Amino acid sequence: MANVILENITKVYPGDVKAVDNANIEIKDQEFVVLVGPSGCGKTTTLRMIAGLEEITEGTLTIDGKVVNDVPPKDRDIAMVFQNYALYPHMTVYDNMAFGLKIRKFPKADIDARVKEAAQILSIGNLLDRKPKALSGGQRQRVAVGRAIVRHPKVFLFDEPLSNLDAKLRVQMRAEISSLHHRLKATMVYVTHDQVEAMTMADKIVVMKDGLIQQIGGPLELYNSPNNLFVAGFIGSPPMNFIEGRVADNSNVFDAVDFRLPLTSQKASLVASYKGSPVIFGVRPEDLTLDPKGTEDNAVTGSVLVVEQLGEQLHLHVEMKDATIIAKVPPQTKVAVGDKVFLKPNMEKAHFFDKETEQVIR
């Protein structure tokens, strides 16, 4: 396998449209890296530049220590799994998986051994004589992955491979691809807009927005220590709650429209330079607990707008004058739409963001 290094990679389309802006990413040997972000953020363009399907406008791309900016896709020793599977409809599963090897003039015995090995890994040995139209979505996805495996490439690239599957199958395939990564000890780069996929599969996550990298780190690092408002709101399900307010002049209280929160000494010290200034308070749904003894002077307060019963937990959508927030509470909690509630945030896990720059206050 191999490492992949992107140095100052930029992609500009005609009309001066900058799809990727000065991206710097190091993907280590055998690492599973996920590029995540909303539609149009540049993640697929980045993947296609690694594959050689998009020309690099500026910067240097290195695979296994070799600069490959001008190397054709077929000579980069990578294998790509596409969103639409891209199987040949007139070929059997066996022939689809073997096609790339036949083009490269591999001996028949080698091709047969590789196809059957990949089919065994993916549990599709009984499907080798079928054609794609006779396969389910999940089976087609396995064939597409199998076609990549037989190549024994240095790097695997996945472009939103699970987006066409139903929710249950997505969860199953997510686990299978993660298991495959550990089994093959492969370098994998995976693109998705689904932050749950990113959190559950990645060794390292690259969060992108508008062509710019917002943050790179492990799943828990991004979850617990987001760099900015965008990363904090994108990573996590349900997302982090944000409430606008200001730091009181004594810096010991956060003042919002509906409530006032006393700050711990650590948080007060953190926002000391923002006395009297607007900031954004961020708290995750699981870090809010119902407090029957709460008041507007020590808890987040509002009226219950929606109650979502999810079995293992209850999601309360709480409406305030200038925001609606979500709290995760125990499933047996007795609460109804219209109830006024007081929610006590875990201030040790709360975040504050500069309202102007949207950067986290550290």
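Heads up: numbering here begins at 1 and tracks the sequence. Everything numeric in this text was worked out from a predicted model, so none of it was measured.
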Q) Are any of the side-chain heavy atoms of L127 and R130 separated by less than 4.5 Å? A) yes
Q.
Surrounding CD of E55 (heavy atoms of other residues, nucleotides or ligands, distance under 6.0 Å), is the total greater than 12?
A. no
Q | E197/R174 ion pair, N-O < 4.0 Å | A | no
Q | Cluster check I205, V360: I/L/V/M/F/W/Y, side chain < 4.5 angstrom | A | no
Q. Salt bridge or not for D95 and K102, using N-O below 4.0 Å?
A. yes
Q. Is K74 paired with D77 through a side-chain N to carboxylate O contact shorter than 4.0 Å?
A. no
**Q.** Distance-only donor-acceptor check, side chains S303 and E319, under 3.5 Å
**A.** no
Q.
Take a 6.0 Å sphere around CD of Q120 and say whether it holds more than 12 heavy atoms from other residues, nucleotides or ligands.
A. no
Q.
Quick check: do T333 and L290 have side-chain heavy atoms less than 4.5 Å from each other?
A. yes
Table please: side-chain donor-acceptor pairs of residues 337-348 below 3.5 Å, with sequence neighbours left out.
residue : atom : partner : partner atom : Å
D339    : OD2  : A336    : N            : 2.9
K340    : NZ   : E296    : OE2          : 2.8
N346    : OD1  : E348    : N            : 3.1

Q: Look up atom CD in E31 and atom NE2 in H181, then write down how far apart they are to the nearest 0.5 Å.
A: 8.0 Å
Q) Taking the hydrophobic residues Ile, Leu, Val, Met, Phe, Trp and Tyr, and joining any pair whose side-chain heavy atoms are under 4.5 Å apart, which ones share a cluster with Y13? A) V17
Q | Validation row: D70, V68 side chains within 4.5 angstrom (heavy atoms) | A | no
Q: Decide, yes or no, whether a salt bridge links D255 with R260 under the criterion of side-chain N to carboxylate O below 4.0 Å.
A: yes
**Q.** More than 12 heavy atoms of other groups within 6.0 Å of N126 CG
**A.** yes
Q) Between atom CD of E54 and atom NZ of K11, what is the distance when rounded to the nearest 0.5 Å? A) 5.0 Å
Q: Say whether F242 and F281 are linked into one hydrophobic cluster, either directly or through other cluster members, by side-chain heavy-atom distances under 4.5 angstrom.
A: no
Q | Parallel, tilted or perpendicular, as decided by the 30° and 60° cut-offs, for the rings of F230 and F234 | A | parallel
Q: Just do the side chain to side chain contact (heavy atoms under 4.5 Å, CB included) check on V4 and T62 with the steps written out, would you?
A: CA-CA 6 Å; V4 180; T62 306; over 6 Å; no
Q) So do the side chains of M173 and R142 get within less than 4.5 Å of each other, counting heavy atoms only? A) yes
Q. Are I280 and I325 grouped together when hydrophobic residues (ILVMFWY) are joined by side-chain heavy atoms under 4.5 angstrom apart?
A. no
(Q) Show the nearest heavy-atom pair for residues P153 and A148, with the distance to one decimal. (A) CD-O, 3.5 Å
Q: Test V283 against M240 for side chain to side chain contact (heavy atoms under 4.5 Å, CB included), laying out the working first.
A: CA-CA 6 Å; V283 62; M240 184 181 288; 5.6 Å; no
(Q) Ignoring hydrogens and geometry beyond distance, is a side-chain donor-acceptor pair present between Y190 and D159 at under 3.5 Å? (A) no
Q: Evaluate the ring planes of F32 and F158, with Trp represented by its six-membered ring, and classify them as parallel (under 30°), tilted (30 to 60°) or perpendicular (over 60°).
A: parallel
Q) About how many Å separate NZ of K66 and CD1 of I5, when rounded to the nearest 0.5 Å? A) 15.5 Å
Q.
With a 4.5 Å cut-off on side-chain heavy atoms, are D258 and D322 touching?
A. yes
Q.
Does E312, at its CD atom, have more than 12 non-hydrogen atoms belonging to other residues, nucleotides or ligands within less than 6.0 Å?
A. yes
**Q.** N-O pairing of R114 and D110 below 4.0 Å
**A.** no
Q) Are R362 and N227 linked by a side-chain donor-acceptor pair shorter than 3.5 Å? A) yes
(Q) Is it the case that over 12 heavy atoms from other parts of the model lie below 6.0 angstrom from the NZ atom of K328? (A) yes
(Q) Working to the nearest 0.5 angstrom, can you tell me the gap between H182 NE2 and Q30 CD? (A) 11.0 Å
(Q) Are the side chains of F156 and L184 in contact, using a 4.5 Å heavy-atom criterion? (A) yes
Q: Go through the steps for N8 and N24 under the test side chain to side chain donor-acceptor pair (under 3.5 Å), then give the verdict.
A: CA-CA 5 Å; N8 307 314; N24 288 280; 3.2 Å; yes
Q: Give the cluster check for V150 versus M188: same hydrophobic cluster or not, with ILVMFWY residues linked at side-chain heavy-atom distances below 4.5 Å.
A: yes
(Q) Quick check for you: to the nearest 0.5 Å, what is the distance between L157 atom CG and I78 atom CD1? (A) 5.0 Å
**Q.** D291 CG to T289 OG1 distance, which is reported to the nearest 0.5 Å
**A.** 6.5 Å
**Q.** Same cluster (ILVMFWY, side-chain, under 4.5 Å), L135 and I124
**A.** yes
Q | Side-chain donor-acceptor contact under 3.5 Å, Q313 with H315 | A | yes
